[in-house]
Structures are given as structure tokens and as C-alpha cells.
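Comments concern the structure below.
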Amino acid sequence: MHSLEHIIATYLRNDKKWKDEVIYWGPMGCLTGFYLILKGNRKPQEIYQLILDSFLEVEKYNEVPGATEVNCGNYLLHNLGMAKWYAKEFSDYLKNNKDNPLIFEYPKTKRLVTDDGNNFYDS
Ligand SMILES: [Zn+2]
């Protein structure tokens with residue numbers, strides 16, 4: 001996740017079309033996904049190609065950008081091989097489900113209520 005964060009953040013923030021639209025790219029605390037916050041209000045279908053290209057980009061890297069003691073507070077927590085493996089898995093999934101409308105919807109579940117009556121939120 002950390003290596004994907006570095007590589008894709010580098011890609012997004014250098015992409016000529018999108019770099020000025022990116023507000024945030026980073027992993028969810030549970031490490032099961034990423035948040036991408038862009039300026040404006042877009043339908044998920046409008047950023048399909050951006051997401052696909054971002055994950056396809058990972059294969060091109062021979063080292064993780066910024067994975068040094070100077071640039072990253074947890075520079076030892078990188079694994080380029082696993083980043084490439086997961087990026088291929090996800091990009092294959094996106095390509096194979098391009099026409100599946102469900103990939104454009106955030107999964108909906110019933111919101112958990114804590115013992116003291118608060119709704120649970122993970123972000
Ligand atoms: Zn880092």
C-alpha cells in the first residue's frame with residue numbers, strides 16, 4: 001500500500017491533464033483501498049481511465065520514488081514487487097469489469113451503531 005501510494009501519487013501529481021485537479025491521494029487507514037479527492041464533482045465513470053492508467057503505471061517503475069530516509073518517515077515499509085502484483089490484479093479487475101456498473105458504486109452497508117448510540121464512521 002505504501003509503495004502504491006508513492007508511485008500513484010507521483011503519477012497523479014505529474015499527469016499533465018490531472019495534476020492540478022488532485023487534492024489528495026492516500027491509503028485508507030484499514031489499508032484495503034485508497035482515497036482520491038479531486039477538485040470538482042465528477043461521476044466515477046469520468047475518472048475510470050485515470051484510475052486504470054494510475055495502476056498500469058506501477059509496472060513501469062524500477063524503484064519506489066521517495067523511498068528514502070530523507071523523503072519518507074517510514075521508508076523501510078516498501079515492497080515494489082508486491083505493489084506491482086496488486087496493481088496488476090486491480091488493473092486487470094478494472095479492465096475485466098469496465099462494463100459492470102457496480103464498479104462505479106461505493107459498496108453500501110448498514111451503518112454500525114455503537115453501544116452508546118453513535119453511528120460508526122471509518123472516515
Ligand atoms: Zn512514504
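For ligands, and for the atoms within them, numbers begin at 1 and follow the listed sequence. Here the structure is a predicted model, which is why all the values come from computation and not from measurement. Residue numbers start at 1 and run along the sequence shown.
Taking the ring-ring contact (aromatic ring centres under 6.0 Å, His included) definition, one finds that F55 meets it with F90, sequence neighbours left out.
Between the side chain of E59 and the backbone N or O of L56, no donor-acceptor pair lies under 3.5 Å.
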Donor-acceptor contacts under 3.5 Å from residues 17-26 side chains, at least two apart:
| unit_1 | atom_1 | unit_2 | atom_2 | d |
| --- | --- | --- | --- | --- |
| E21 | OE1 | R42 | NH2 | 2.9 |
| W25 | NE1 | E5 | O | 3.4 |

Determine all donor-acceptor pairs shorter than 3.5 Å in which one atom belongs to a side chain in residues 62-73; sequence neighbours excluded.
| unit_1 | atom_1 | unit_2 | atom_2 | d |
| --- | --- | --- | --- | --- |
| T68 | OG1 | N71 | N | 3.3 |
| T68 | OG1 | N71 | OD1 | 2.7 |

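Ion pairing of E57 with K60 is present here, as a side-chain N (NZ or NE/NH1/NH2) and a carboxylate O approach within less than 4.0 Å.
Listed by chain and number, the protein atoms of type N/O/S under 2.8 Å from the Zn ion (ligand 1) are H2 NE2, H6 NE2, C72 SG; waters are omitted.
Atom CG of D115 has 12 or fewer heavy atoms from other residues, nucleotides or ligands within 6.0 Å.
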